[in-house]
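Have a look at the structure below, then the notes.
Since we're looking at a predicted model, the values are computed, not measured.
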Amino acid sequence: MSDTHDTWTLAGRTLTSRLIIGTGKYKDAEETRACLAASGAEIVTVALRRVDLKVKDNLLSWIDRSRYTLLPNTAGCYTADDAVRTLRLARELGIADLVKLEVIGDPRTLLPDNEETLKAAKILLDEGFVVLPYCTDDPIVCRKLEAMGCAAVMPLAAPIGSGLGIRNPHNIRLIIEQAKIPVIVDAGVGTASDAAIAMELGCTAVLMNTAVAHAQVPLLMAEAMRDGIVAGRKAFRAGRMPTRVIGSASSPTAGMIE
Amino acid sequence: MPTLVLNGEPHPFAPGTTVAALVASLGLDPRQVAVERNREIVPRATYAQIELVDGDRLEVVTFVGGG
């Protein structure tokens with residue numbers, strides 16, 4: 001069964017890939033470009049920073065914007081005001097109004113500040129942004145963000161860059177059950193099986209960066225993540241067998257030689 | 001010479017310098033940056049009209065790799 005028709009929709013865009021990938025932490029632009037291509041991603045995240053006059057190859061010079069939708073983030077912002085200010089500047093850069101809102105609450109864990117996130121989401125939605133908020137794996141916060149008009153919710157699997165995988169699959173499942181918008185697991189995925197588990201739970205997509213960029217061979221991991229997501233998605237659609245605590249023979253029990 | 005604060009650093013400039021001239025003098029492609037002046041976004045279409053004044057605080061930003 002082909003997966004070409006298993007598309008999803010995000011704010012009016014029809015997408016085939018369920019992997020959204022970050023562009024940070026790679027060795028260089030060449031490695032970034034190769035990993036993006038191998039991942040099959042159609043949306044890639046970018047950060048906004050002061051220009052570095054020493055850097056000559058600006059990301060906007062080498063990234064293929066006909067192939068990738070850029071998703072500006074608010075990484076490093078600790079208040080709603082900083083996040084809003086950052087995304088207004090991002091919009092001025094001529095990128096579509098799709099934005100990843102993340103407001104961090106603590107530099108050690110990088111866990112989100114949900115209160116500031118809700119505050120920023122309100123302002124951004126009022127200004128016409130299409131808001132994809134990163135938040136804790138809390139069904140109540142996700143419900144509030146959806147009610148406000150966010151285009152998706154992006155609960156974490158685990159802290160950013162931790163590679164711990166999905167720490168609370170039960171909460172992720174509750175979030176998926178209630179949501180009428182895409183649920184994108186963002187942050188904390190460490191390896192392909194983590195991504196597959198997210199998809200098997202019924203997530204719409206997975207967003208990751210470090211798991212690919214800091215793999216021993218990033219290019220191979222980009223492929224593994226692409227495949228893991230496809231496998232997990234297919235398993236979700238196929239519907240897994242029921243579990244049982246005792247064995248059930250796969251071969252016929254009748255006709256044994258005596 | 002008047003001086004502005006460019007991305008947190010003092011930056012002297014000739015009187016009458018516009019945002020467009022500043023961006024060009026830094027070797028930047030105006031399509032690849034966004035400019036905030038004293039906390040207000042400067043729309044790209046107005047770069048050539050806006051003259052900088054002594055004490056202006058400018059943020060000139062662009063996209064970089066990030067998650």
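Neither the backbone nor the side chain of T210(A) has a heavy atom closer than 4.5 Å to any heavy atom of chain B. Residue contact with chain B, scored on non-hydrogen atoms closer than 4.5 Å, involves the side chain of L207(A) exclusively. Interface remark: A213(A) contributes no atoms to any contact with chain B (heavy atom separation under 4.5 Å). For chain A, the nearby parts of P43(B) are the backbone and the side chain; heavy atoms of each come within less than 4.5 Å. For chain A, the nearby part of I41(B) is the side chain; its heavy atoms alone come within less than 4.5 Å. Contacts of L28(B) with chain A are made by side-chain atoms alone, with heavy-atom separations under 4.5 Å and no backbone atom involved. Using a 4.5 Å cut-off between heavy atoms, L60(A) touches chain B through backbone and side chain atoms alike.
With hydrogens and angles ignored, the 3.5 Å screen pairs a side-chain donor or acceptor of T117(A) with a backbone N or O of D113(A). A donor-acceptor contact shorter than 3.5 Å is absent between the side chain of D186(A) and the backbone of Y134(A).
Taking each heavy atom of D97(A) and G128(A) in turn, the nearest pair found is OD2-O, 3.7 Å. Taking all atoms of both residues into account, the shortest heavy-atom contact from I104(A) to Y78(A) is O-CD2, 3.1 Å.
Ion pair K122(A)/D126(A) flagged as a salt bridge, since at least one NZ, NE, NH1 or NH2 atom sits closer than 4.0 Å to an Asp/Glu carboxylate oxygen. Taking a cutoff of 4.0 Å between a charged side-chain nitrogen and a carboxylate oxygen, R37(B) and E40(B) do not qualify as a salt bridge. At a threshold of 4.0 Å, the pair D106(A)-R108(A) does not count as salt-bridged, since none of the basic side-chain nitrogens sits closer than that to a carboxylate oxygen. Using a 4.0 Å cut-off between a side-chain N of Lys or Arg and a carboxylate O of Asp or Glu, E102(A) and K100(A) qualify as a salt bridge. At a threshold of 4.0 Å, the pair R13(A)-E42(A) does not count as salt-bridged, since none of the basic side-chain nitrogens sits closer than that to a carboxylate oxygen.
With respect to chain B, the highest number of heavy-atom pairs below 4.5 Å among V51(A), L71(A), D52(A) belongs to V51(A). Of all the listed residues (V46(A), I20(A), V55(A)), the one sharing the greatest number of non-hydrogen pairs under 4.5 Å with chain B is V46(A). Here L59(A) is the residue among I63(A), T32(A), L59(A) with the most heavy-atom pairs under 4.5 Å with chain B.
Interface residues of residues 44-67 of chain B toward chain A, defined by a heavy-atom distance below 4.5 Å and sorted by number: R44(B), E59(B), V60(B), V61(B), T62(B), F63(B), V64(B), G65(B), G66(B), G67(B).
Of the N and O atoms on the side chains of D64(A) and S66(A), at least one donor lies less than 3.5 Å from an acceptor on the other residue. For the residue pair T45(A) and N73(A), no side-chain donor N or O sits within less than 3.5 Å of a side-chain acceptor on the partner.
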